[in-house]
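Take a look at the structure set out below.
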Protein chains: 2
Amino acid sequence: MVPELSSSSPASRDQRASATHHCDACVVRNRAICAALEPEDRHALGREGRIQTVPRGRTLVWEGEDAMLVANVIEGVLKLSTSTSDGREQIVGVVYPSDFIGRPFGERSQHSVTALVDSRVCLLPRAAFDRFAHEHPELEHRLLNRALDELDRARRWMLLLGRKSATERVASFLLELSHRLAESGCAGDVALDSFELPLDRQQIADVLGLTIETVSRQMSSLRAAGVIELPGRRSLHILDRARLTALAGD
Amino acid sequence: MVPELSSSSPASRDQRASATHHCDACVVRNRAICAALEPEDRHALGREGRIQTVPRGRTLVWEGEDAMLVANVIEGVLKLSTSTSDGREQIVGVVYPSDFIGRPFGERSQHSVTALVDSRVCLLPRAAFDRFAHEHPELEHRLLNRALDELDRARRWMLLLGRKSATERVASFLLELSHRLAESGCAGDVALDSFELPLDRQQIADVLGLTIETVSRQMSSLRAAGVIELPGRRSLHILDRARLTALAGD
DNA sequence: CGACTAATTGAGTCGCTTCAATAAGCGTGG
DNA sequence: CCACGCTTATTGAAGCGACTCAATTAGTCG
């Protein structure tokens, strides 16, 4: 009730926070793990972090490095990737708005995190996040559910990498992308028929465990079969979702 | 102090529990997620479940089925697997004593769980476990850490499935097995040089995304190179761990 | 010991990769 | 707005690694 007051007494601090805190304007506050928190707690956590823009190609965390940061994705798309010593790369995850990045309670990051398109993340020091999480079981609960979902997703991807043909891989990838873009895009659609690819051909190959040429050939053959359209090198239109689903083979 | 009393008053129940509860004799109680709990809470959770033997080949949970159960592995080795509609199988995880099985807070199981060797698990109804976990943040915290570790492991496996050659896959597999058997085996060793394979050749192929013939050829060639010995169908001796590590290629 | 199953080995094929050349996007500057 | 040059993607041809199919051998258990 005294918004102009700038003292740091508890009452006025709460007041200020709820009046001006960036979390209140955050577009993912209801979907990110923060949604588990009451506004006052969310503000307390938010005060530990800061919003950062990450241009396409910029790497936020390096594989094997000490994992000092965690983050929430606000906008954009980022990849999680690992490599062999001789440079072969595998993308092991793709994260979208409201997804969580990082390894709380752990020392080292097992994979790099790199922006695939210009992105914005809400960055938090890991130590502060760990402390906060320990004091807020609701937050850990939500994080657990997310980790379990990610684990299921990773395991489905293992079936693709271990057992599917090139055609099945590309079809599966396009369908998954269509679904994840739809659900991260706030809109109510379960899937998009027309969208921009956040990954270039090499990155798609790195997700699917294929080469760039094989991905290209598969895309061309899907186009020739009338299943998809490729209006530009980064755009995609799904013409026949049923057939694409059948080709995904699971 | 009145152990023969069989009334259900709180005091006597606690007494009975701490005197006779199977959890107190559980060989994995200090390593499983239960270790997060005080003895009295552990007993309360233990009372919800029961110990069950699972003979080799028996499937505990089926892919796509309602996930009504969770469990802790007490003894043995089990596989988590998924299949395509036309029957191609991929093993997406292998669990050892003290590991947790199941999908808390979820409806459907995304993969089957099948014993690779005769095993014993501590089985709990999922609903009871979920309720209990919600009331015990320490338990959820430990579960979260396990899920995050599993996620890292799954992602490292994605690099293998997407980018490694048959030789590298087999070498990586034997090394991982050697490490996991050692750490689940209570002994202080970080790795075993001689052990029984809980998987047959087809199952190894299903873990590695290869065929049985390719696995067999790779094993033979490792034997010919003096890297390993194969005293029986199901036993392995690592002769040259350094070379095997180099061949694993990461 | 004998029968059955699991594993190994061999020969040939196929699908994906590799290497190389061409074409298409796309941003830039005239 | 179009031409230019660079990057990214596509297409082609040849090679190779893993797969398939088939035959043989080695374990394992009654």
Side-chain angles (χ1 to χ4, degrees), chain A residues 55-57 84 86-90 116-118 160-174 196-225 227-237 247 249, chain B residues 55-57 84 86-90 116-118 160-174 196-225 227-237 247 249:
Chain A
R56 173 199 290 192
T84 57
D86 63 343
R88 285 167 286 174
E89 178 169 328
Q90 177 67 40
L116 293 171
V117 301
D118 293 343
L160 177 146
L161 291 172
R163 293 303 186 200
K164 286 193 181 178
S165 70
T167 308
E168 292 172 323
R169 293 185 199 203
V170 171
S172 302
F173 169 77
L174 296 178
E196 294 296 296
L197 298 165
L199 299 83
D200 64 27
R201 295 292 187 274
Q202 181 59 61
Q203 289 161 342
I204 296 174
D206 290 342
V207 171
L208 299 178
L210 297 170
T211 59
I212 186 172
E213 294 94 334
T214 300
V215 171
S216 185
R217 274 185 253 271
Q218 294 301 329
M219 300 273 261
S220 299
S221 109
L222 288 174
R223 180 169 45 79
V227 178
I228 59 171
E229 237 173 13
L230 296 162
R233 132 193 152 310
R234 283 240 179 196
S235 36
L236 183 90
H237 188 72
L247 287 169
Chain B
R56 176 200 287 191
T84 57
D86 63 342
R88 287 167 284 174
E89 178 169 327
Q90 177 66 41
L116 293 171
V117 301
D118 291 344
L160 176 145
L161 292 171
R163 293 302 187 199
K164 286 192 181 179
S165 70
T167 308
E168 292 172 323
R169 292 184 199 204
V170 171
S172 301
F173 169 77
L174 296 177
E196 294 295 296
L197 297 166
L199 300 82
D200 63 26
R201 295 291 187 274
Q202 181 59 60
Q203 289 161 343
I204 296 175
D206 289 341
V207 171
L208 299 177
L210 297 171
T211 59
I212 186 172
E213 295 94 335
T214 301
V215 171
S216 185
R217 276 185 250 271
Q218 294 302 329
M219 301 274 261
S220 299
S221 110
L222 287 173
R223 179 170 45 84
V227 178
I228 59 172
E229 236 172 13
L230 296 163
R233 277 196 309 197
R234 285 228 177 208
S235 36
L236 183 91
H237 189 75
L247 286 170

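Every chain is numbered from 1, with letters handed out A, B, ... down the list of sequences. The basis for the numbers below is simple: all heavy atoms, side chains too, and nothing from hydrogens, waters or symmetry mates.
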| field | Separation of C:dA7 P from B:Leu210 CG (nearest whole Å) | value | 15 Å

| Which is true for B:Ser216 with a 4.0 Å heavy-atom rule: it touches a base, it touches only sugar-phosphate, or it touches nothing? | base

| request: Report yes if a side-chain nitrogen or oxygen of A:Thr214 is closer than 4.0 Å to either non-bridging phosphate oxygen (OP1 or OP2) of C:dC16; otherwise report no. | output: no

| Side-chain N or O of A:Arg217 closer than 4.0 Å to phosphate OP1/OP2 of D:dT10 | no

| Would a 4.5 Å heavy-atom cut-off, applied to side chains only, mark B:Leu161 and B:Gln90 as touching? | yes

| task | Could you say whether A:Asp200 or B:Arg234 is positioned toward the 5' end of DNA chain D, judged by the nucleotide with the nearest heavy atom to each? | result | A:Asp200

| Rounded to whole angstrom units, what separation is found between the CD1 atom of B:Ile204 and the C1' atom of C:dT8? | 14 Å

| field | A:Leu199 CG - D:dT8 P separation (whole Å) | value | 14 Å

| said: Any heavy-atom pair between the side chains of A:Gln203 and A:Val207 that's under 4.5 Å? | reply: no

| query | 5'-most contact on DNA chain D: B:Arg233 or B:Ser165, nearest heavy atom basis? | reply | B:Ser165

| A:Phe173 versus A:Val215: any side-chain heavy-atom pair under 4.5 Å? | no

| query | On DNA chain C, nearest-nucleotide positions of B:Arg163 versus B:Met219: which is more 5'? | reply | B:Met219

| message | Could you tell me if the side chain of A:Met219 sits less than 4.5 Å from the side chain of A:Arg201, heavy atoms only? | response | yes

| query | Would you say D:dA18 has OP1 or OP2 under 4.0 Å from some side-chain N or O of B:Thr211? | reply | no

| request: Would you mind reading off the distance between B:Asp206 atom CG and C:dA6 atom P, rounded to a whole angstrom? | output: 14 Å

| How close or far is atom P of C:dA7 from atom CG of B:Leu197, stated in whole angstroms? | 10 Å

| message | Between A:Arg233 and A:Asp200, does any NZ, NE, NH1 or NH2 come within less than 4.0 Å of an OD or OE carboxylate oxygen? | response | no

| What is the distance from CZ of B:Arg201 to P of D:dA26, rounded to the nearest Å? | 15 Å

| task | Would you kindly give the CG-to-P distance between A:Leu230 and C:dG25, to the nearest whole Å? | result | 10 Å

| More 5' along DNA chain C: A:Thr167 or B:Arg223, using each one's nearest nucleotide? | B:Arg223

| said: From CD1 of A:Ile212 over to C1' of D:dT11, roughly how many Å is that when rounded to an integer? | reply: 13 Å

| Checking only heavy atoms, does the side chain of B:Glu213 share a donor-acceptor pair with the base of D:dC21 at less than 3.5 Å? | yes

